[in-house]
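When a ligand or atom number is given, it counts from 1 through the structure's own listing order.
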Amino acid sequence: MTIKTRFAPSPTGYLHVGGARTALFSWLYARRHGGRFVLRIEDTDRERSTEESVNAILEGMTWLGLEYDEGPFYQTHRFDRYDEVIEQLLERGLAYRCNCSKERLDALREQQLAAKQKPRYDGHCRDCTVSADEPHVIRFRNPVDGEVVFDDLIRGPIRVANTELDDLIIRRSDGSPTYNLTVVVDDHDMGISHVIRGDDHINNTPRQINLYRALGWDVPRFAHVPMILGEDGSRLSKRHGAVSVMQYKEQGYLPEALLNYLVRLGWSHGDQEIFSLDEMIELFDLEAVNRAPSTFNTAKLDWLNQQYLMHSDPARVTHLLSPHLGDLGIDPAEGPDLVEVVKAQRERATTLVELARISAFYYRDFDSYDEKAAKKAFKGEADQALAAVRERLAALADWEREPIHQAVSDTVEALGVGFGKVAMPLRVAVTGGSPSPDLDLTLWLVGREATLRRIDRAIEHIRSNR
Ligand code: GLU
């Protein structure tokens, strides 16, 4: 059997992390089994669907690298096909027109609720003749007895009695097809073998299976992925912070870190935490997905992001960091080699945004000193220490790490003070107090001209603040 999965978002908002995880699971399952992955935009709700949302979804998928082999398909382009299937069902007596008024349906609902019954359509129009010319909906004639049984790849066997299901509307009075119909037609026509989706759809599945059977189509396998909770135990939403995938990009997360985080959200392989994409593809399995909801934990995502910052190819980090420096108005071409800066700074940041912020001083003079750092470093005879070290640095033949280090040590020795008395003010003078690596490396990257200029500025700062 050819494995084919799909991601079928409704374009009514951004791509959120829950959707991205469902997409990732579907994508991984297809990749793992040498199958195909389809993207389908479920835009039949014309009121709520927007083009911006379609773009946000496509952008999110691209940023995460979840390439699709087919699509994007748009349901709004397939109305003729849905009509054709609905007509077939009508002709074969498997669907019928219903003209029950809203008043009748409301009254029915009231009665059922009063009798403590589950509200459901009573099949009133099953045997009526309703003309196509009068306002009506079309309902599917759900079997009245027997049960629907399916083996969910995550949840295990699920059985639902047909007496629990009612005759669902497959075409609204405005002529538009409903979700349960379009999803069945599309999953069938597109050859989907495995439907992997959020478990908010689990109650729809038995109805959809009845539709497959009525149409004489093979029923795909289903896997319902449990929901994601916020740290307070309620369903993850905007209240909990960033939920849009692109917000994570803006905040400086690496797509591979977010993917790694999402794959572990409900799936595990022993106690391994870090998975390359290739490992995920090799190891991912629906059977190992947890049945219980998972809790979104930002601290863990931060930890993973830091791991990726520290251990990824520096060229990759550099590539991802550049736009964040651009956001600060910095052109990395006008300063030290960004790859070297990345190597020097990356263990000091959690996100690319932070890495950009703490690396800005390599490219431009900072606006002001970090108050705490300056207070600590610029006291006592700091101006004299700076003046002394400046002289030695200015006289160096080569601006290289080793001679820079030597110049600092020689100054320390000549002044007969502790290393910190020279190194601390020098570091703050050059960095403004930003986190930075070894002093000689820092100065080497900043360059001689900027180093001397900043020492002069610090001396002035110290003297004018006396
Ligand atoms: N369009 C549906 C949604 O966004 C998903 C339908 C499905 O996966 O079957 O919730």
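- Residue Ala8 has at least one N or O atom closer than 3.5 Å to an N or O atom of ligand 1.
- Figure legend: cation-pi geometry between Arg46 and Phe79, with NZ or CZ positioned under 6.0 Å from the six-membered ring centre and within 45° of its axis.
- For the 3.5 Å distance criterion, the side chains of Asn297 and Thr295 fail to qualify, holding no donor opposite an acceptor.
- Contact analysis puts Tyr179 in contact with ligand 1, with a non-hydrogen atom separation below 4.0 angstrom.
- Checking Gln307 against Glu273 by side-chain atom types alone, no donor-acceptor pair falls below 3.5 Å.
- The nearest protein atom to atom 10 (O) of ligand 1, hydrogens excluded, is given as His201 NE2, 2.8 Å; this is a heavy-atom distance.
- Taking any N or O of Asp200, backbone or side chain, none lies under 3.5 Å from an N or O belonging to ligand 1.
- The side-chain hydrogen bond (donor to acceptor under 3.5 Å, both in side chains) test with Arg197 is passed by exactly one of Thr22, Thr205, Asn204, Thr5: Thr205.
- Each of the atoms 9 (O) of ligand 1 lies under 4.0 Å from some heavy atom of Val183.
- Atoms of ligand 1 lying under 4.0 Å from any heavy atom of Ser10, numbered from 1 in the order shown and given with element: 1 (N), 2 (C), 3 (C), 4 (O).
- For the residue pair Asp43 / Gln75, no side-chain donor-acceptor distance below 3.5 Å is found, with atom types taken as modelled.
- Side-chain contact of Ser176 with Asp174: a donor-acceptor pair under 3.5 Å is present, judged by distance alone.
- Taking a cut-off of under 4.0 Å to the non-hydrogen atoms of Glu42, the atoms of ligand 1 that pass are 1 (N), 2 (C), 5 (C), 6 (C).
- The side chain to side chain contact (heavy atoms under 4.5 Å, CB included) test with Pro206 singles out one residue from Val149, Asn162, Val148, and that residue is Val148.
- Contacts of Arg40 with ligand 1, taken as heavy-atom pairs under 4.0 Å, are absent altogether.
- Remark: minimum distance from atom 8 (O) of ligand 1 to any protein heavy atom is reached at Arg6 NH1, 2.7 Å.
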